[in-house]
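Structure first, then comments.
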Amino acid sequence: MSTAKLKVLNRYHVIFLAQSIMIGTGILSLPQKMSSMGYTQWLVPIIFGITATLTLWPMVWLCSKYPTEHLFRINEILLGKIIGKAINLFFVLQFIVFSAGIISNYMHLIQSTALPEQTITLPVICLLLLLIYIVSGGIKSIARFCMMTFFITIPMVYFTRWAIEKGEFSHLLPLFNFNAKQFFDAFKDGYLSILGYELIMIYFPYIMDQKKAFRHSLIGIWISIFLCFFTTVVSVIYYSEWQLKNVEFSVLNLFKAGEFTFVERIDIIGITLWVFLILSSVTAYVWCAKIGIDSVFKKKKIYILYLIAAIIFVIVKMPFSREVQEKLFAASNYIGYMLIIWPVILMLVYAVRKKKVEQ
Amino acid sequence: MNKKLLCIILSLLLLLVGCARKEQKVPLEDIGMVGTMAFDYIDDKQMKLTVAIPQYSPEAQKNTQIFSVATDLVSNGIVEIEKLSDKKIVFNQLRVVLVNEEFARKGQVRKVIQHLYRNAEVGNKVLIAIAKDNAETILKGDYPDKPNINFYINDLLEPSINTAFNPNTNVHDFIYTISNPVIDTILPYIEKLDDKLEIKGVAIFKGSHMHELIKPEEALIIQALQGRKNLAPLHLDLHEGHGEEKLMIDLIESTVNIQSNKDIESPKITINLNIKGTLSEYKGAREYELKTAESISHLEKDVNKQLKEDITKFLDKLKTMDVDPSGLSEKFRMYYHGKWTTKKTRELIRKLNTEVHVKTSIISTGTLK
């Protein structure tokens, strides 16, 4: 494939790809995940932002060494065919399970709040069909979808107005009354919510202006970080510490504080709009999984996408207990963290094998 | 050709929708939307659950269906009620939860409200109130000049400027205050008088138990200290050397500034309250003097003094009760490193020294000279 045809993403695409993939279901329960730090948790998103910035750099650096290859190829080049392929397969699995985790989480939410009397089979199928549609358009269609998502969902910030009015701003005073373990717990559970920017390693060869990719991606990341920060600040001022710990989807409860005279349940509007955010992150992961399979088996077949969708469906509707499911998703989360530091390892390999691979 | 076929298929599909199996959903007329719930105390294990459901059928004699069952769990009670009623019970339209005084004093309210807070059907704006004696009789009562008990109770408890002393606590406020160690919950307290309901005062909680009942005027002070901007009309009795004077200040805007000395060993708090309002009525010796700016400012000073006395007295009363409904200990918690507990709040309130400064400005005395 010629590189000219490959490069389809302009700078806005890069910004919003980074931005929209990060905001999935994670932010909905972010305040609860970080509740071990109590009121001081509002500082954590900023630390997340800094961490994300620091870990983005090796990713972009690595990719800029191979401007026309994506992570799966880089793995093969640097680690050899067999190890590379094994690891690629591992990542593909991670992407699939991770997207299944996001969908399952969202469906759990839908079932517990909006549609308590229905089974989720039909909504899952609809979501997956949409997903196939968007993904088959390629990375550019995903990027455009991400842009649309951002502008459709950003007005939801307005729904937090009432919570801010009611909130107690004195909760925000930084007291730093947490210990290292609490901080670590909050960091470990919360960082999951901002995963997603690591996919740049896979769509990097499609970016037109690769020299500025780091900057553009960073803008996207910091938009998301700001949204996370805003969410946690509002939650902290609106809730008591007990509520932060116990309310599962705190963001929806923030919406519940709303007082429109003509709408009773603003949280339902929130949930339904959230489907855009879910789709934008899941489509990117599924696209990456597809690219991974393509590169492992050296074939490009459209049925692979359907296969992935079918696997996701099976995982979401898995006949196992919820406990097994949770464990599977938790495992995929840890692999997600691994993916963040993976480029650092590859960088070391690159440094060691530089001569050999550049032949 | 292909397009034609597509059109035919699409229109066939559209028409065939009507043949689809009827969805297993309850039609709207078979849903009973609970408007008001009431809990009464029976014993430690059991409570009496009463629900009021608006009845829209034109043939029905009464416009509200009321069901009562004795139950141990809320959801169990709902199942029992579904057996009695011809409808499916849902909470989407729940507006008010009434709890009888005994139930509140025995400290089970939190459990019940938490159940509602968990329930996704229930909005956060459901108002909670304490009922004197029996909550069930309030729902079952006859209010000939009111359309429906559901609307009546809801309107009564809804925030409005004349009942602004009423803390109109909703589910979120309740859970927020009861789970927050720095503040004690307050709930409006209503009583049934013949064919009317009246908000008699405000119930203060200590922990998860109802502790004491205070007067509406005192609740006004709590709200002023919590930083509420608009307050209910303030009624004052002055005793400042001009005999007995009565006055009413209306349209009050208040701003409050509370400073603590950040020391929980010898806590001291300074309250600066500024209120601004119109003098709507005055009765007393100075009635004909209140025409010059000088005499008004003199009156303002007297009002300051009186208010300061009232607030200090009230805070002392809270001190003897060991409760903190206006969340004064938050001013200490926000500077405290470490875990704040309810015990700390109690100790702090017991030791608390208060200094109150009130500044009143009467902006007008109406249009009549």
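In what follows, every heavy atom counts, from backbone to side chain, and hydrogens, waters and symmetry copies are set aside.
Rounding to the nearest 0.5 Å places CZ of R118(B) at 12.0 Å from OG of S112(A). To the nearest 0.5 Å, atom NZ of residue K256(A) and atom CG of residue N170(B) are 11.0 Å apart. In this structure, CZ in R333(B) is found 5.5 Å from OH in Y39(A), a value given to the nearest 0.5 Å. Within the model, atoms CD of Q114(B) and CG of N246(A) stand 7.0 Å from one another, a figure rounded to the nearest 0.5 Å.
For V171(B), no part lies under 4.5 angstrom from a heavy atom of chain A. Only the side chain of E168(A) comes within contact range of chain B, judged by heavy atoms closer than 4.5 Å. With a 4.5 angstrom heavy-atom cutoff, Y335(B) touches chain A via backbone and side-chain atoms both.
Side-chain contact between H171(A) and N180(B) is present, with heavy atoms from C-beta onward closer than 4.5 Å. With a 4.5 Å cut-off on side-chain heavy atoms, Q243(A) and I175(B) count as touching.
Within a 6.0 Å radius of CZ in F151(B), other residues, nucleotides and ligands contribute 12 heavy atoms or fewer. Taking a 6.0 Å sphere around NZ of K166(A), one finds it holds more than 12 heavy atoms contributed by other residues, nucleotides or ligands. The number of heavy-atom neighbours closer than 6.0 Å to CD of E165(A), taken from other residues, nucleotides and ligands shown, is above 12.
Per-residue heavy-atom pair counts under 4.5 Å with chain A were compared for E121(B), M334(B), K339(B), H172(B), and the maximum is reached by H172(B). Ranked by non-hydrogen atom pairs under 4.5 Å with chain A, the options I183(B), D173(B), N124(B) are led by N124(B).
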Go through the steps to decide whether V247(A) and Y117(B) satisfy the test side-chain contact (heavy atoms from CB on, under 4.5 Å), and finish with yes or no.
CA-CA 9 Å; V247(A) 178; Y117(B) 189 59; 3.6 Å; yes
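Contact detail for Y239(A) and Y176(B): the closest heavy-atom pair is C-CE1, 3.5 Å.
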